[in-house]
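Please read the structure below before turning to the comments.
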Amino acid sequence: MLRGESLAACELCPRRCGAARLQGERGACGAAASLKLARAALHLWEEPPISGKAGSGTIFFSGCPLKCVYCQNHEISTGNFGIEVPPARLVEIMLELQGQGALNINLVTATHYAYLLPHAVGEARARGLTIPIVYNTSGYERVEAVRELDGIVDIWLTDFKYADATLARTLSHVPDYPEFAASALAQMVRQIDARGGIVFDDEGIMRQGLIVRHLVLPGHAGDSCRVLDAIWEIAGDVPISVMNQYTPNAAMRTAGGRLAGPVSDEEYERVLDHADALGFTTMYWQEGGAVDESFTPAFDTTGVLAAADGPILPRA
C-alpha cells in the first residue's frame, strides 16, 4: 500500500479518494505528488516525554485528510501553505534536527505522504539518525498503513477525536472517523506490545511507545467521556493526553455558539474525573489558561529549505 505508484489512484487515507496525484490531481487532503512542508523546528510544547527540555524535532506536512472546522493549523491543513521539496530534503531535515539536539523526529500529519517514510527514514538511519521517529496523527488512518509503518515508527502520538459519528461528520466531514480511529489504535497497541511495550530512558523521555491524545471541545464533554471509554476498551491503561487548549479560529468566532469560546473549567474537570474513574494511571493534562495562540507555531517555512535559503512567508 505504501508505494509511490499508489498515487496513481490514491488510497493512502480512509477517504480513498482515488485522486490521480501522479498526474497532478490533488486528493481530498490537498496534496498532489510533490512533497510539501510548512515548518521543521524544535518544539517544546508536546507532552513531557516527547519534548523534554531539549525539544521535539517537528516536521509539519502541508495538507490534511480531515477538514476540521475548528482547526488551529488551518493555514497548512486546508490552506495547504508550504514549500515543495524533494524527498531527499526530508532526509536532510531529519539529520539537521538531530544535530540541533532534538529528542526525536516528530512527523506531524504525514498520513498523505506516508509512502515516502520507509525510504526516507531508512536513508536517514543509514546516515546516522539514532533518535526515535514519532508519528503524530489525527488518528484517521487505515490499518494497512499503520501495519506497514511497523518498525519505522517508534512512537505513535495519535489523536482520538470523536466517539460520535454524527459529531465527526459535522466537525471534520468524516462520519467514519470513530471506526477508523479505533481500528488504527488497536493496531498501534499490537505493534508496541509485540516490541516489548513502552520504553522510557533514564531522563523520562519516551524511546518507544504510544500516547493517545484527546482535545476536549466546548459543549462536548459527554463525547469526550465516551472517547475515553473507547480508548480504555481498546488499549487499556495506556498513556493519555487530555487537552483543554482548544482555541477558536476566526471561522468559529464568526459563527458564534459554543465553539466560539474556550472549554469551561467544569467541562474539563468532568473529563479528567472520568479518566481517573476509568483507571488511567498516566495522564497528561493542562492547567488553566492553556487557550493561547502560542500553542500554534508560526508556519513560516522555518527549517524547510537548505540553510542557504531564506524562509518564504505566507501571503497576507
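Values below: every heavy atom of this structure, side chains too, minus hydrogens, waters and symmetry copies.
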Quick one: do Asn80 and Ser62 satisfy side-chain hydrogen bond (donor to acceptor under 3.5 Å, both in side chains)? Show the steps, please.
CA-CA 5 Å; Asn80 213 36; Ser62 302; 5.0 Å; no
His214 side chain to Phe160 main-chain N or O, any donor-acceptor pair under 3.5 Å?
yes
What distance do Ile83 atom CD1 and Leu37 atom CG have between them, rounded to the nearest 0.5 Å?
8.5 Å
Could you report the tightest heavy-atom contact between Leu185 and Thr158, atom names first, then the distance?
CD1-CG2, 4.3 Å
Salt-bridge contact Glu267-Arg258 (side-chain N to carboxylate O under 4.0 Å)
yes
Could you check whether any side-chain heavy atom of Met94 comes within less than 4.5 Å of a side-chain heavy atom of Val121, counting everything from C-beta outward?
yes
Would you confirm whether Ser51, through its side chain, and His43, through its main-chain N or O, come within 3.5 Å as a donor-acceptor pair?
yes
Value rounded to 0.5 Å, distance of OH in Tyr162 from CZ in Arg226
13.5 Å
Can you measure from OH (Tyr115) to CG (Leu35) and round to the nearest 0.5 angstrom?
7.0 Å
Count the heavy atoms of every other residue, nucleotide or ligand shown that sit under 6.0 Å from CZ of Arg125, and state whether that count exceeds 12.
yes
Under a 4.0 Å N-O cut-off, is there an ion pair linking Asp154 with Arg207?
no
Test Asn106 against Ser56 for side-chain hydrogen bond (donor to acceptor under 3.5 Å, both in side chains), laying out the working first.
CA-CA 6 Å; Asn106 189 343; Ser56 177; 3.2 Å; yes
Any residue meeting ring pair (Phe, Tyr, Trp, His ring centres under 6.0 Å) with Phe60, in chain and number order, not counting sequence neighbours
Phe299
Under a 4.5 Å side-chain heavy-atom rule over Ile, Leu, Val, Met, Phe, Trp and Tyr, are Leu103 and Val153 clustered together?
no
State yes or no: do Ile234 and Val143 share one hydrophobic cluster built from I, L, V, M, F, W and Y residues joined by side-chain heavy-atom distances below 4.5 Å, directly or via other members?
no
Any sub-3.5 Å donor-acceptor pair from Arg142's side-chain atoms to Glu11's backbone N or O?
yes
Between Asp237 and Thr281, a side-chain donor and acceptor under 3.5 Å:
yes
Is the closest side-chain heavy-atom distance between Met206 and Val134 below 4.5 Å?
no
Any side-chain heavy atom of Phe280 sitting closer than 4.5 Å to one from Thr282?
no
Taking Val271 as the fixed residue, which of Val227, Val216, Asp276 is the one that meets the side chain to side chain contact (heavy atoms under 4.5 Å, CB included) rule?
Val216
Keeping the roles fixed (side chain from Asp300, backbone from Thr302), state whether a donor-acceptor pair exists under 3.5 Å.
yes
Aromatic ring pairing Tyr177/Tyr140, orientation class (parallel under 30°, perpendicular over 60°, tilted between)
parallel
Could you tell me whether a side-chain N or O of Gln208 sits under 3.5 Å from a main-chain N or O of Gly197, the two making a donor and an acceptor?
yes
Report the distance from atom CG of Leu215 to atom CG of Asn244, rounding to the nearest 0.5 Å.
8.5 Å
With side-chain hydrogen bond (donor to acceptor under 3.5 Å, both in side chains) as the test, would you mind laying out the steps for Asp229 and His274 before giving the verdict?
CA-CA 9 Å; Asp229 291 340; His274 191 70; 2.7 Å; yes
Report yes if some heavy atom in the side chain of His112 is under 4.5 Å from a heavy atom in the side chain of Pro65; otherwise report no.
yes
In this structure, would Val212 and Val199 fall into the same cluster of hydrophobic residues linked by side-chain contacts under 4.5 Å?
no
Stepwise, does the side chain to side chain contact (heavy atoms under 4.5 Å, CB included) test hold for Thr137 with Thr111?
CA-CA 7 Å; Thr137 171; Thr111 303; 4.0 Å; yes
Please determine whether side chain to side chain contact (heavy atoms under 4.5 Å, CB included) holds for the pair Leu12 and Leu2, giving the CA-CA distance in whole Å, both sets of side-chain angles, and the decisive distance to 0.1 Å.
CA-CA 7 Å; Leu12 288 172; Leu2 298 185; 3.7 Å; yes
Asn249 side chain to Val69 main-chain N or O, any donor-acceptor pair under 3.5 Å?
yes
Looking at Glu92 and Arg89, is there a salt bridge between them, counting it only when a charged N and a carboxylate O are closer than 4.0 Å?
yes
Please name the pair of heavy atoms, one in Ala33 and one in Leu22, separated by the smallest distance, quoted to 0.1 Å.
CB-CA, 4.1 Å
Look only at the side chain of Arg127 and the backbone of Leu95, and say whether a donor-acceptor pair between them is shorter than 3.5 Å.
no
Check whether Trp232 and Leu272 end up in the same hydrophobic cluster, where Ile, Leu, Val, Met, Phe, Trp and Tyr are linked by side-chain heavy atoms less than 4.5 Å apart.
yes
In the structure I gave you, are the side-chain heavy atoms of Met252 and Tyr246 within less than 4.5 Å of one another anywhere?
yes
Closest heavy-atom pair, Ala38 versus Phe81, reported as atoms and distance to 0.1 Å, is CB-O, 3.7 Å
To the nearest 0.5 Å, what is the distance between NZ (Lys161) and CG (Leu167)?
11.0 Å
CD (Glu203) with more than 12 external heavy atoms under 6.0 Å
no
Going by heavy atoms in the side chains, are Asn73 and Ile76 under 4.5 Å from each other?
yes
Which heavy atom of Pro175 sits nearest a heavy atom of Ala165, and at what distance?
O-CB, 3.2 Å
Could you check whether any side-chain N or O of Gln286 sits under 3.5 Å from a backbone N or O of Gln245, counting only pairs where one atom can act as donor and the other as acceptor?
yes
I want to check a possible cation-pi pair here: Arg253 against Tyr70, using under 6.0 Å from ring centre and within 45° of the ring axis as the test.
no
To the nearest 0.5 Å, tell me how far Met283 CE sits from Leu228 CG.
8.5 Å
Tightest non-hydrogen contact, residues Ile205 and Gly52, listed as CD1-CA, 3.6 Å
Less than 4.0 angstrom from a charged side-chain N to a carboxylate O is my criterion; do Asp150 and Arg190 meet it?
no
4.5 Å side-chain heavy-atom contact, Ile211 and Pro49
yes
Would a hydrophobic clustering, with Ile, Leu, Val, Met, Phe, Trp and Tyr connected at side-chain separations under 4.5 Å, put Ile59 with Tyr113?
yes
Considering only heavy atoms from C-beta outward, does the side chain of Tyr135 approach that of Leu117 to under 4.5 Å?
yes
For Cys17 against Ala28, the heavy-atom pair lying closest together
SG-N, 3.5 Å
Does a sphere of radius 6.0 Å around CD in Gln100 hold more than 12 heavy atoms from other residues, nucleotides or ligands, not counting ones at 6.0 Å or beyond?
yes
Tell me, with the steps shown, if Glu47 and Arg213 meet side chain to side chain contact (heavy atoms under 4.5 Å, CB included).
CA-CA 10 Å; Glu47 288 72 11; Arg213 284 174 160 174; 2.9 Å; yes
Ile155 and Ile133: CA distance, side-chain angles, deciding distance, side chain to side chain contact (heavy atoms under 4.5 Å, CB included) verdict
CA-CA 6 Å; Ile155 299 168; Ile133 298 294; over 6 Å; no
